[in-house]
Amino acid sequence: MLGGVCAGLAKHLDSSVKEIRILMLIGGALGGFGVIVYVWLWALAPVAGGAPASGAAVAGGGLPAGGGMPAGGGMPAGSGAPVGGFPPSVPAQVRGVGPGREVPTAGTAPNSGLPAGAATVAGATVGSVAEPTVDSMAGGKVRRRPLSTDLMIGAALLLGGLYLLTLRLGWLVRPDVVLPLVVVAVGAVVAYTQLDEVERTRWAERAGVGGTRMAALRVVGGAGLVVVGILLLVVGATGDVAQMGRTLVAALSVLGGAGMVLAPWGIRLWRDLDTERAERVREAERADIAAHLHDSALQTLALIQRRSADPAEVSRLARAQERDLRGWLYGGPTAEATTVATAVPCIAADVEDLHGAVVEVVTVGDRPIDERTGALLAALREAVTNAARHGGGSVQVYVECGPSGVEAFVRDRGPGFDPDAVPSDRLGVRESIVARMERHGGTARVVSVPGDGTEVRLTVPDESGRAGAGRPG
Amino acid sequence: MTVRIVLVDDHRMFRSGVRTELANEDSIEVLGEAGDVVEAVDLVHTQRPDVVLLDVHLPGGTVRPGGREVLQRCADLLAAEPPVRFLALSVSDAAEDVIAVIRAGARGYVTKSILGPELAAAIRRVADGDAVFSPRLAGFVLDAFGAGAGEVASVDDELDRLSQREREVMRLIARGYAYKEAARELFISVKTVETHVSAVLRKLQLSNRHELTRWAADRRLL
C-alpha cells in the first residue's frame, strides 16, 4: 500500500506485494485488525537504509514514505472526506499510486457506519507529517524520523482503530470518560519523553551550548495536558464547576506548601548525588591508572631488577616500557594500523623490541595503506631493521605523505658501508628493499658514507594514472 | 666565551645527570639549579644567565605546563640586553608541550634522550641567538604549516607558510641531520641553515595560521 508497509513486509517475508496487500485488506475488513497491524508496522518498522545512491530501493522499501497513507488504506471509513483530504499534501510521486489504489478499497469496505471524525483526525495528523518525510526521501537522503513522532502517530492511530473496533463490537464507550484519559495519557507521554531528552541534553547545556527552552515548554505543556485531563474527568464525575475551583485552589496550596518545605531537601539530595557520582568517576579513574601502572611499570621494574646483570636487556625493557607509557599518556600507536602514520610507529616499536635500538619516528601527513604504501612499509621495516642491527645507537625515521607520493628516510649513525662493495649474494638490501620498491613503481636509494652513517631513501609516487593527487584508495 | 647556564627541572637526579655530562664541556658553566616555577623565576632574575635549560613540566605556579609560566614571568629578560635565552628540555615530545613553550618564547626544544655533546652544542647554538629544533619539532612544523602537503610561501617573510628553502631545511632536520650535515646536503653554509631555522622559529611563534591558533585557542594560550 501507500505507506510502503506492504512492500517492506513483502521484502522481509520474501513474498509478493500483492499477497500481503490482499491479506491486509482482508484484515482491515475484519473488524479493523489489519488497520492496527498496519499502523503498528508503519510506526515501528525501521526506515529502509541503503546507500543514498539507490533512490529507487529507498522509495520501494522506505516504510514511512507515504506516511499519510496507512490511514487511507487502513481506515475503511468509506467517507470520502478523510481520504480526499490527503492528496494536496502528498507529493506527486506518491499520489500517482495513492488514490488509484486506495479509493476503490475504501469504497468496497463494509464499515460504512464508522464515524468519520476519528478517521479524519488521524488522517489529518498523519497527513501533515507525511509531506516532509516524503520530501526528504525524494531528496535522496534517508533520514531516521524521531522515534517519538512515530510512536505518537502510531499510538494515535491505534487508539482510533481501537475506538472503531469497540464501536463495531458494540461495546459501550463513553467519550466523556475516554477522552480525558486520552488527554492525560498524551500529556504524560509528552512530558516523559521530554524529560528523557532533558537528561540527555544536560551535558550539552553545561558545555555552554544553547538552552532547551523548547523542551521545558513541552514538559510544561505535557503537565498542563495531564492537569486538564484530570480536571475534565473530575468535572465529568461531579458536574460541579464551582466546587472544582475551590478544590483546585486547595490542592495547589497544599502542593505549593509541600514544595516549599521539600525543595531544599530535594536540592540537597540532588547535590549529594552529583558529588557522589563525581567521586565515583574519580575513583574509577584512579583505579584505572593504578591497574595500568601495576601491569606495566611495576612489572617492568621488577623484571629490570632481576636482569640487572644484562645491560642490553635492561635497556630494551626500559625502552619498551617508556614507549608503552608514552603511548598511554600522549596517545601513541594504536593496535590496528590502517594508515601510514599509524603503521610506522608500530614498525619502529617492533624493531626496538627485537634489536634493542632506539628508533625515533617523525611522520608528516597521512594516507591509507594500499598496495604501494604497503610495499613501502615492508621495505621500510627492512631498512629500519638493518639500521638497528648494523648502525648501532639511534635510528631516525622520517615519513612524509605529500601530494605527489610517500617518501621515507631511515638514517643511522653507524660505521656506514660502501653499497657497491656489498657482495651480490647478500640479498637483504638488494632484494627486499631496492627490488621491492621498483616492482611497485617506487625507488630506493642507499646513501652511505663510511664513518658517517647510512641513509636509506624510499619513495613511491601517488597512484599514477589517476588525476587528482591525494585521493584515498 | 663561556656560556653561563641555569638548570630548571623538578628531578634532582636529572639535574645532577646533566651537570655531570656538561662538566666535560669547558665552555659551559652551570650557575645554579631550580626545582619549581617560583624558584626558577627567582634564580633566573638574580643570576641573569645566558641560557636557561628549562623543563616543560614543572610543579608550582598556576599555568600549565609550568615551563610556560616561567617563560611568561621572565618575559622582561627575554627582551633585555643581553637577553636570557631559553632552551626547553622535556621527556615529552607531545606537540602541545613543545608549542606551548616555543610560543611563550623558548628558542629551541630538545628531548631528554639527547646526549651530552649534542646538548652542549644545542646550548651554544641557543646562546648565539639561533634556534634548536628536534626532529619531531621539525616534523610538527612541516605538518602545521602545510608544507608536507606542498604549500609553499611565495615570499620569504610570509608568516603562515614556509619558504621552499625553509621546508628543505626542516625536512633534513626531521630526517635526523645535524645543521652541518644539512648545510652540506643543500650546498649552503651552516650560518645560512641557522638563519632559516631562526626564521621558522619566528614564524612558529608569530604565525596566525589556523592550525596553530586553533590549537592555541583550544588550550586557552592566546
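Chain letters run A, B, ... following the sequence lines, proteins first, then strands; residues in each count from 1.
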Peer 1: Among E455(A), E400(A), E407(A), which one satisfies side-chain contact (heavy atoms from CB on, under 4.5 Å) with R175(B)?
Peer 2: E455(A)

Peer 1: May I ask you to test the Y398(A)-L142(B) pair for a side-chain heavy-atom distance under 4.5 Å?
Peer 2: yes

Peer 1: Should we say atom CD of E371(A) is surrounded by more than 12 heavy atoms from elsewhere, each under 6.0 Å from it?
Peer 2: no

Peer 1: Considering residues at least two apart in sequence or located in another chain, which fulfil the side-chain hydrogen bond (donor to acceptor under 3.5 Å, both in side chains) criterion with E33(B)?
Peer 2: R15(B), R19(B)

Peer 1: What are the residues of residues 182-191 of chain B, in order of number, with any heavy atom under 4.5 angstrom from a heavy atom of chain A?
Peer 2: R184(B), E185(B)

Peer 1: Any ion pair linking E181(B) and R411(A) (charged N to carboxylate O, less than 4.0 Å)?
Peer 2: yes

Peer 1: Of all residues at least two apart in sequence or in a different chain, which pass the salt bridge (charged side-chain N to carboxylate O under 4.0 Å, His left out) check with R282(A)?
Peer 2: E279(A)

Peer 1: Do you know which of V361(A), V358(A), T363(A) has the most heavy-atom pairs under 4.5 Å to chain B?
Peer 2: V361(A)

Peer 1: Below 4.5 Å, heavy atoms only, C-beta onward: do Q396(A) and Y177(B) meet side chain to side chain?
Peer 2: no

Peer 1: Checking R457(A) against chain B: side chain, backbone, both or neither under 4.5 Å from a heavy atom?
Peer 2: side chain

Peer 1: Who pairs with T385(A) by side-chain hydrogen bond (donor to acceptor under 3.5 Å, both in side chains), at least two apart in sequence or on another chain?
Peer 2: none

